[in-house]
Protein chains: 2
Amino acid sequence: MNTRDKILATAKNLILKVGYNAFSFSDISVPLGIKNAAIHYHFPGKEALGCAVIRKEHENVIKWKNEVDKLDPWQKLERFFRVYDKNMVHNRICMVGSISSDLYAVPESMRDCLHAMVVDINQWLTELLEEGRRLGTFQFHGPAEGKAAVVVTSLAAGLQIARVLGSDKFEQIKNQIKLDITPTKDDN
Amino acid sequence: MNTRDKILATAKNLILKVGYNAFSFSDISVPLGIKNAAIHYHFPGKEALGCAVIRKEHENVIKWKNEVDKLDPWQKLERFFRVYDKNMVHNRICMVGSISSDLYAVPESMRDCLHAMVVDINQWLTELLEEGRRLGTFQFHGPAEGKAAVVVTSLAAGLQIARVLGSDKFEQIKNQIKLDITPTKDDN
DNA sequence: GTCTATATGTCGATAGAC
DNA sequence: GTCTATCGACATATAGAC
């Protein structure tokens, strides 16, 4: 892993742990054993670094979508949960939650990067729920778009609230999400 | 309204808009037409100000609970939604979402203040859902505690995601929450 | 590509006058 | 209770040596 990728990985973890505005270049350079100036060689400024982190995360989302493409709806959902689980164990929140909660305190270019990513995630989850309902493996009322919004926000803020109430709360939320889309024998 | 309360109100709005770490004393003193030193007279430091803001918000929650105590479950839920609506129109997120998403970038004393408030809100919503289900006005599967967690996180992150996708997304989420607890004639 | 050294700005905080 | 003036710490960023 080259220095540039190490910087990106460290910056990503910091954004998910303390937020974009709360980390400094020293929080990256010290653990990596480099100097602040080295970061500026790879990225012109903090704003560019922030954008690069979000864009890379967005690329990972796209790759991930292709990886899970052949799975059935429940498997896809479990894989989706696993993405959040990986952050949960490190007390990190998700990229969307971190940047959007600080949205008016980050540069506009980063907001644009985030927007593209959020649209993609929402669309993927909407299609998953729609497909699952069509196949009869999921059951819920109303438009899949609204259901997708409830699911993704429950997970996003679930990571946030679990910091305060403990990881059990996040497990509760995942269980409830599943319950809320599990078909009942006699529903219409 | 005295200076102390004006400072508290301004600080609260800033926390909900840009987050605790992203606002400075000047963001308070300039619009209020005072100097930074005046803030330090009322609050020894930023940490104390942050705690005071959360504690005041917590007190408001307690008062609010008493106000809506006699309403029926659906009315209570609508009033609960209205709290978030008031933030939505100003592109603010909720206190729990703002502080918890920056939790490891705020002083520990603020985390303690937030914890007490989150516990209170969760308990209130759990009891509301439990009561509504007992009366047959709500319907959902699983423990009310888990359902409460899904509802409150959908609203919290709903405000965050609405910053990116627009306020329509927040309306969608509220509608879906209601759909997901609306009784169906033949469910068991 | 990474370093040292430094520029420049802003922030929270405090002392002391009024 | 509010002001002026100032301090020290830390942030991002840059110039130039290696």
Side-chain angles (χ1 to χ4, degrees), chain A residues 1-56 98-99 102-111 113, chain B residues 1-56 98-99 101-113:
Chain A
M1 204 176 190
N2 59 31
T3 300
R4 192 191 136 93
D5 287 338
K6 284 183 195 167
I7 293 170
L8 277 174
T10 309
K12 173 193 155 182
N13 287 343
L14 284 165
I15 288 176
L16 302 189
K17 190 66 179 283
V18 300
Y20 172 77
N21 281 296
F23 82 84
S24 69
F25 280 55
S26 298
D27 295 324
I28 297 176
S29 59
V30 170
L32 261 44
I34 58 176
K35 299 297 170 183
N36 286 0
I39 303 175
H40 277 93
Y41 169 78
H42 293 281
F43 303 95
K46 195 178 181 182
E47 177 175 355
L49 173 58
C51 285
V53 167
I54 299 175
R55 270 195 287 263
K56 177 147 191 168
S98 175
I99 304 297
D102 290 340
L103 201 73
Y104 300 112
V106 304
E108 198 171 339
S109 60
M110 289 178 59
R111 302 181 206 173
C113 293
Chain B
M1 206 176 189
N2 58 32
T3 300
R4 193 192 135 92
D5 288 337
K6 284 183 195 166
I7 293 169
L8 277 174
T10 308
K12 173 192 155 182
N13 287 344
L14 284 165
I15 288 175
L16 302 189
K17 190 66 178 284
V18 300
Y20 172 76
N21 281 296
F23 81 84
S24 69
F25 279 55
S26 297
D27 294 324
I28 297 175
S29 58
V30 170
L32 293 185
I34 59 177
K35 299 297 170 184
N36 287 1
I39 304 175
H40 277 92
Y41 169 79
H42 294 281
F43 303 94
K46 195 178 181 183
E47 176 175 354
L49 173 57
C51 285
V53 168
I54 299 174
R55 271 195 286 263
K56 178 146 191 169
S98 175
I99 304 296
S101 63
D102 289 341
L103 200 73
Y104 300 112
V106 304
E108 198 172 338
S109 60
M110 288 178 60
R111 303 181 205 173
D112 297 337
C113 293

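None of the values given here were measured: they were computed from a predicted structure. Each chain gets a letter, A, B and so on, in the order the sequences are listed, and its residues count up from 1.
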Can you find a pair of side-chain heavy atoms, one from B/Leu32 and one from B/Ile7, that are under 4.5 Å apart?
-> yes
B/Val106 versus B/Glu47: any side-chain heavy-atom pair under 4.5 Å?
->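 The answer is no; the side chains never approach within 4.5 Å.
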Could you tell me which non-hydrogen atom of A/Lys6 sits nearest to which non-hydrogen atom of A/Thr10, and how far apart they are?
->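 Between these two residues, the closest heavy atoms are O-OG1, 2.8 Å.
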For A/Gly19 and A/Ser98, the nearest pair of non-hydrogen atoms, with its separation, is CA-OG, 4.0 Å
Which side-chain hydrogen bond (donor to acceptor under 3.5 Å, both in side chains) pairs, counting each pair once, include a residue from residues 28-38 of chain A, with sequence neighbours left out?
-> A/Ser29-A/Asn36
In this structure, are over 12 heavy atoms from other groups packed under 6.0 Å from B/Lys12 atom NZ?
-> no
[atom1] of [X] to [atom2] of [Y]: how many Å apart, nearest 0.5 Å?
| X | Y | atom1 | atom2 | value |
| --- | --- | --- | --- | --- |
| B/His42 | B/Leu49 | NE2 | CG | 11.0 Å |
| B/Ile54 | B/Leu8 | CD1 | CG | 11.5 Å |
| A/Ile39 | A/Phe25 | CD1 | CZ | 6.0 Å |
| A/Ile28 | A/Lys46 | CD1 | NZ | 8.0 Å |
| B/Glu108 | B/Leu103 | CD | CG | 9.5 Å |

Identify, residue by residue, the members of residues 6-24 of chain B with a heavy atom below 4.0 Å from DNA chain D, and return them in order of residue number, or none.
->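 Residues of residues 6-24 of chain B under 4.0 Å from DNA chain D: none.
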Nucleic acid contacts of residues 33-42 of chain B, taken as heavy-atom distances under 4.0 Å to DNA chain D |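 Going residue by residue through residues 33-42 of chain B, the ones with a heavy atom under 4.0 Å of DNA chain D turn out to be B/Gly33, B/Ile34, B/Lys35, B/Ala37, B/Ala38, B/Tyr41, B/His42.
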Rounded to 10 degrees, the angle between the two terminal axes of the helix from C/dG1-D/dC18 to C/dC18-D/dG1, each from five pairs =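 For the helix from C/dG1-D/dC18 to C/dC18-D/dG1, the axes at opposite ends meet at about 0°.
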Taking only residues two or more places apart in sequence or in another chain, which ones pass side-chain contact (heavy atoms from CB on, under 4.5 Å) with A/Asp27?
->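 If we apply the side-chain contact (heavy atoms from CB on, under 4.5 Å) test to A/Asp27, skipping adjacent residues, the hits are A/Leu14, A/Phe23, A/Ser24.
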Reading DNA chain C 5' to 3', which nucleotide is the first, and which the last, to come under 4.0 Å of any heavy atom in chain B?
->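 On DNA chain C, the outermost contacted nucleotides are C/dC11 to C/dT14.
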